[in-house]
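Written out below as structure tokens is the structure these notes cover.
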Protein chains: 2
Amino acid sequence: MYRAMQKSEPRSGQGAAAGEPVRGRGRPRAFDRAAALARATHLFWERGYEATSIADLTEAMGIGAPSLYAAFGSKEALYTEALGHYHDAYEASVWGRFRGAATVGEAVRCYLMDSAAVLTGSLSDHPLGCMVTLASVGGGRSDLGARLRAARAVTLERLEARLGRALAEGELPAGTEIGGLARFLQAVQSGMSILARDGASRAELEAVARIAMGQSGIPGCAADRPDPSDPSPGSPAPPPA
Amino acid sequence: MYRAMQKSEPRSGQGAAAGEPVRGRGRPRAFDRAAALARATHLFWERGYEATSIADLTEAMGIGAPSLYAAFGSKEALYTEALGHYHDAYEASVWGRFRGAATVGEAVRCYLMDSAAVLTGSLSDHPLGCMVTLASVGGGRSDLGARLRAARAVTLERLEARLGRALAEGELPAGTEIGGLARFLQAVQSGMSILARDGASRAELEAVARIAMGQSGIPGCAADRPDPSDPSPGSPAPPPA
DNA sequence: CCATTTCTATATCGATCGATACAGAAAGAC
DNA sequence: GTCTTTCTGTATCGATCGATATAGAAATGG
């Protein structure tokens with residue numbers, strides 16, 4: 001009832017190495033908030049919002065229900081924070097090289113190839129597919145549904161912005177339909193999420209990406225020369241090191 | 001407990017125009033089983049399995065809970081039947097022209113363009129996107145999850161079979177990677193489901209399909225000559241008629 | 001008619017849902 | 001030390017979950 005009365009994040013305990021070193025007066029939090037949030041994120045990612053219960057979460061996070069509510073406020077607020085954590089933890093893996101690319105072709109190639117790596121869990125241990133993409137069912141008019149739709153819209157906007165810039169700079173032939181091309185690329189990446197969920201390998205997704213790049217008509221995109229900064233060219237997966 | 005004791009479908013009432021006209025002895029069912037199943041299908045389709053409660057279902061189907069359980073057995077069994085109804089009602093819309101196509105290119109074109117129409121609800125009134133594709137989150141090891149995964153696998157197998165035949169008949173250049181191409185097409189269609197859920201129009205999905213068909217790759221696929229049997233060539237949507 | 005069979009409507013069942021009250025424990029402030 | 005503040009663990013809360021027991025209603029078979 002009086003949800004707004006409780007602070008969602010009191011003072012921050014001792015676990016966070018960044019931000020506020022201030023320690024409140026009372027008993028310090030006994031668990032690592034960031035680690036617990038990461039656990040919750042993986043659980044939501046794997047099962048979806050509805051299918052994940054508070055009991056599942058508290059068990060996976062290793063804390064009691066009151067601690068969860070004191071630290072995160074509610075299940076919905078926890079999911080929102082999980083989306084934020086997901087973004088902070090994996091955004092760079094997909095969009096990092098995209099942003100730094102010199103040409104559109106390189107940008108699109110990095111977007112698709114890096115997606116193939118991330119979506120199959122080849123870079124670190126996490127559930128398969130994209131958390132935002134796979135949550136597209138349900139939540140029609142709820143707040144969470146709107147948030148997820150907005151997150152998917154950002155992908156489209158980024159692609160459109162990059163393609164639009166390329167068009168303005170003459171990198172793409174005049175008259176190229178930016179919106180359609182962006183939607184095509186997003187569709188391919190979304191489909192890759194579902195393929196990954198169904199067990200497709202990184203190499204298989206990279207093959208999909210290569211075909212998509214060939215069909216895209218973007219100059220310099222189909223060129224399959226790996227970036228020197230890419231630790232693994234296109235083989236199944238790098239050694240666990 | 002004694003789930004197996006009750007008949008999931010006793011004698012079939014009078015609603016079914018096909019099959020068994022036999023009428024059992026007792027009081028006849030007061031509701032249209034097929035219509036109720038269609039309502040349930042739409043609800044599951046729209047919200048997903050977990051987010052749809054029995055109360056939601058009974059309200060949408062216009063029946064009481066005991067009638068639902070007497071006619072369908074359980075929520076899970078109802079969902080399974082809903083998947084069957086979904087298949088029976090919409091499979092032909094997506095795969096009909098694909099099967100009848102003379103060439104691979106025509107088959108793939110029909111598959112993608114007809115998908116664009118169906119997924120945006122342009123042919124009849126139903127939720128947006130593919131029920132099977134959008135249900136890819138959760139249900140990791142459950143029976144329903146396995147059933148859904150199998151349904152998605154069928155799509156891949158169909159595409160691979162058609163492409164493989166084309167390869168054997170020389171319609172595709174020797175050495176063409178069938179699996180990758182099939183996975184690419186499935187990814188594009190899966191992505192179109194999510195785009196449709198997020199509000200993309202039929203014309204927008206058709207633009208995506210055209211890019212996917214591209215200029216190279218499958219011969220005769222990019223040729224954008226509509227089939228004469230197609231009631232709506234490629235414009236936003238046909239008049240409601 | 002009556003007996004049998006099957007469906008429908010009310011009123012739940014135990015289990016679990018998300019979310020808390022409460023009391024004790026562990027820290028800083030004094 | 002004592003007081004204050006905050007977190008943790010137990011034991012729930014009312015609501016809703018999927019699923020039924022029961023009794024009455026509506027059909028057929030005799």
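Naming convention: chains lettered A, B, ... in sequence-line order (proteins, then strands); numbering from 1 in each chain. The structure presented is a predicted model; accordingly, all values stated were derived computationally and were not measured.
- Spacing between atom CG of B/Asp32 and atom C1' of C/dC7 amounts to 15 Å, rounded to whole angstrom units.
- To the nearest angstrom, C1' of C/dA15 lies 15 Å from CD1 of B/Ile54.
- Between B/Lys75 and B/Ser53, every side-chain heavy-atom pair lies at or beyond the 4.5 Å cut-off.
- For the pair B/Glu91 and B/Arg99, the salt-bridge criterion is met [side-chain N within less than 4.0 Å of a carboxylate O].
- Tested against A/Tyr111 for a side chain to side chain donor-acceptor pair (under 3.5 Å), the candidates A/Gln189, A/Arg97, A/Gln186 yield a single pass: A/Gln189.
- Residue A/Ala55 is the one, among A/Ala55 and A/Ala65, whose nearest nucleotide of DNA chain C lies closer to the 5' end (criterion: closest heavy atom).
- If you take CZ of A/Phe31 and C1' of D/dT8, they are 10 Å apart, rounded to a whole angstrom.
- Of the candidate nucleotides D/dT28, C/dC17, C/dA19, D/dT28 has the atom lying nearest to any side-chain atom of B/Arg25.
- In terms of heavy-atom proximity, A/Gly129 sits nearest to A/Ala196 at N-CB, 4.1 Å.
- With rounding to whole Å, A/Tyr69 atom OH is found 19 Å from D/dA11 atom P.
- The distance between atom NZ of B/Lys75 and atom P of D/dG18, rounded to the nearest whole Å, is 4 Å.
- Residue A/Thr52 is in sugar-phosphate contact alone, with no base atom involved, counting any heavy-atom pair closer than 4.0 Å across all strands shown.
- Here C/dC17 presents its P atom at 11 Å from CD of A/Glu59, a figure rounded to the nearest Å.
- Dashed line: the shortest gap from a side-chain N or O of B/Ser67 to OP1 or OP2 of C/dC7 is not under 4.0 Å.
- At a cut-off of 3.5 angstrom, the base of D/dA25 holds at least one donor-acceptor pair with the side chain of B/Arg27.
- Rounded to an integer number of Å, the gap from B/Ile63 CD1 to D/dA19 P is 14 Å.
- Remark: P of C/dT8 and CZ of B/Arg29 are 7 Å apart, rounded to the nearest angstrom.
- Nearer to the 5' terminus of DNA chain D, by closest-nucleotide assignment, is the contact made by A/Pro66 (compared with the other of A/Pro66 and B/Asp56).
- Looking at A/Phe72 and A/Leu37, their side chains come closer than 4.5 Å, going by heavy atoms from C-beta outward.
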